[in-house]
Amino acid sequence: MTTHLVWFRNDLRVNDNLALAAACRDPGARVIGIFIATPLQWRKHEMSPRQAEFIWQHLQSLHAALAERGIELFVRQADGFDDCVGFLQNFCETQKVDALFYNYQYELNERQRDAAVEKVLSPGVVCQGFDDSVLLPPGSVTTGNHEMYKVFTPFSRAFIKRLNEGLPECVSAPQVRKTTMPEPQKLTVFDYPCQPIDPNLFPCGEKQAINQLRLFCRQSVVDYAQQRDFPAIDGTSRLSAYLAVGVLSPRQCLHRLLKEHPQALEGGGGAVWLNELIWREFYRHLLVAYPKLCRHQPFISWTDNVTWRQDDAQFVVWQQGRTGFPIVDAAMRQLSSTGWMHNRLRMVVASFLVKDLLVDWRQGERYFMSQLIDGDLAANNGGWQWAASTGTDAAPYFRIFNPTTQGERFDGKGEFIRQWLPELSRVPDKHIHTPWVWAEKQSLTLDYPRPIVDHKQARITTLAAYEAARKS
DNA sequence: AGAAAATTGGC
DNA sequence: CCAATTTTC
């Protein structure tokens, strides 16, 4: 009997899992799965304790879902990616594995690890990888010159054209297999700090994720275009965490969207959310086309000449949400309390760190990874490079958000701010974005800091710093 | 996916 | 004078 091994990584689901489906295609084969925790590597990559918890929870539900189908899932631990190689070699020997199936991860360390694994296992074990975490394979959407698009809008246009020529189809969850299965055993916990997740925000389970996707596409996706910028409104899909660890696939998102709104591909209802899915693809495709993005390098080289301010005190104040700018602080507290931040606010706090405090965007990128339940290198790096004006199709360097104006525009009445900054509860709506002005008028002291920078001055300083870097 | 300054065009 | 629009950073 042949044995097929599915190596699970960022694809913790049974539905629409290309590697799993391929491994199960031969009804006679024995199919087993493995997940290898790599705490050392996770630490290096700054994986957040909430994402670790999210992975842990979904390993348990995946373990159960696979067991029901006659597929045993082994959860094991190695230290770093290097250790996976020998580990898998051993595992394949003892389990008499004939073929390995896995879904690609596109980050550099991950790709190097996979190459090393394939080298060690072949030709004894036939290895097969799949483009599973994207709608279209990286490198398959290119300009006339067969180059990766560097600007989003033409990329998106070409992408949608490709989708119109033929959609990537979903594959179903594997059937129950006839092979006998050992009694499922309790999973051993991996050696990485975990942090509790609010089950109301991120319910655990593939079924719950699919349900959330259905509800969003049915009820909210049309309003997404109007509502997504207002953090006090629950107007976003909040599916990023499921996409990040692969409890959902982008194909499932696309098909569910088109089922409810067939016009989304023609710019109709739901098109704005579709574009967000395409942003996710854009950043993944870029990561493959430009490996330097995995190496802490900016896309636009001259931005590396900016003299960043090395001010740990201000960086910590930003992390803690005590900058004195209410919208920034509320957002930072939402992040540390829940592991998630509204996308509009990600732009606001990133712009503030980089262009008001002039802190190196890589410090912000790292901190986000250490906190986000939906941490994903491509999207997070893309977002930070966008905000810092160091990336492809990024905001021009002179585009600097005014944190007060952003608050006024997107949280006018301060509903979101009040939710996270109870110390401002007494401040009237009119002054919620400038509490220091109100406190002065009332001649009282708030348990809330004054702004740590003068935005107007900071703006001038930052413009000069970028300007100097550009000319050097 | 900006903001502030400068200019225009209505009165 | 003042709001709308354009230009500049």
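Every chain is numbered from 1, with letters handed out A, B, ... down the list of sequences. Please read these numbers as outputs of a predicted model, since none were measured by experiment.
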Checklist entry - Taking both distances under 3.5 Å as the test for a Watson-Crick or G-U pair, what stems of at least three pairs does DNA chain C have? => result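 The stems that DNA chain C takes part in, listed by first number, are B:2-10 with C:1-9.
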
Rounded distance in Å - [atom1] ([X]) to [atom2] ([N]):
X: A/Met347; N: B/dG2; atom1: CE; atom2: P; value: 6 Å
X: A/Asn402; N: C/dC9; atom1: CG; atom2: C1'; value: 15 Å
X: A/Asp356; N: B/dG2; atom1: CG; atom2: C1'; value: 13 Å
X: A/Asp393; N: B/dG2; atom1: CG; atom2: P; value: 13 Å
X: A/Lys355; N: B/dA4; atom1: NZ; atom2: P; value: 14 Å
X: A/Glu408; N: B/dA3; atom1: CD; atom2: P; value: 10 Å
X: A/Arg399; N: B/dA5; atom1: CZ; atom2: P; value: 18 Å
X: A/Phe398; N: B/dA5; atom1: CZ; atom2: C1'; value: 14 Å

Checklist entry - In residues 265-277 of chain A, what residues come within less than 4.0 Å of DNA chain B, judged by heavy atoms? => result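 Under 4.0 Å from DNA chain B: no residue of residues 265-277 of chain A.
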
Between [X] and [Y]: side-chain donor-acceptor atoms closer than 3.5 Å:
X: A/Glu365; Y: A/Asn381; result: yes
X: A/Ser156; Y: A/Asn275; result: yes
X: A/Gln105; Y: A/Arg113; result: yes

Next on the checklist: Nearest 0.5 Å, please: how far is CZ in A/Phe315 from CH2 in A/Trp308?
Outcome noted: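 The CH2 atom of A/Trp308 sits 13.0 Å away from the CZ atom of A/Phe315.
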
Next on the checklist: Using a 4.0 Å heavy-atom cut-off, does A/Arg409 contact any base of the nucleic acid, only the sugar-phosphate backbone, or nothing at all?
Outcome noted: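 Sugar-phosphate only.
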
Checklist entry - A/Asp393 versus A/Trp386: any side-chain heavy-atom pair under 4.5 Å? => result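 Result no, sub-4.5 Å side-chain heavy-atom pair not found.
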
Checklist entry - Is there a side-chain contact between A/Gln385 and A/Leu286, using heavy atoms and a 4.5 Å cut-off? => result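 Sidechains of A/Leu286 and A/Gln385: no contact.
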
Checklist entry - Considering all heavy atoms of both residues, which atom of A/Trp273 and which atom of A/Cys217 are nearest to each other, and what is their separation? => result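 A/Trp273 and A/Cys217 have their closest heavy atoms at CZ3-SG, 4.1 Å.
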
Checklist entry - What are the residues of residues 454-472 of chain A, sorted by number, that bring a heavy atom to within less than 4.0 Å of DNA chain C? => result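 Listed by number, they are A/Arg459, A/Leu463.
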
Next on the checklist: I want to check a possible cation-pi pair here: A/Lys355 against A/Tyr466, using under 6.0 Å from ring centre and within 45° of the ring axis as the test.
Outcome noted: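 Positive - A/Lys355 is close enough to the ring of A/Tyr466 and near enough to its axis.
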
Item to check | Full working for side chain to side chain contact (heavy atoms under 4.5 Å, CB included) between A/Ser301 and A/Lys292 | outcome: CA-CA 11 Å; A/Ser301 314; A/Lys292 70 175 177 182; 4.1 Å; yes

Item to check | Side-chain donor or acceptor of A/Glu408 paired with backbone N/O of A/His433 under 3.5 Å | outcome: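 Side chain of A/Glu408 to backbone of A/His433, a donor-acceptor pair under 3.5 Å: no, none is there.
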
Next on the checklist: Test your reading of the model: is there a side-chain donor-acceptor pair from A/Ser472 to the backbone of A/Ala469, 3.5 Å cut-off?
Outcome noted: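 The answer is yes, because a donor-acceptor pair under 3.5 Å joins these two groups.
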
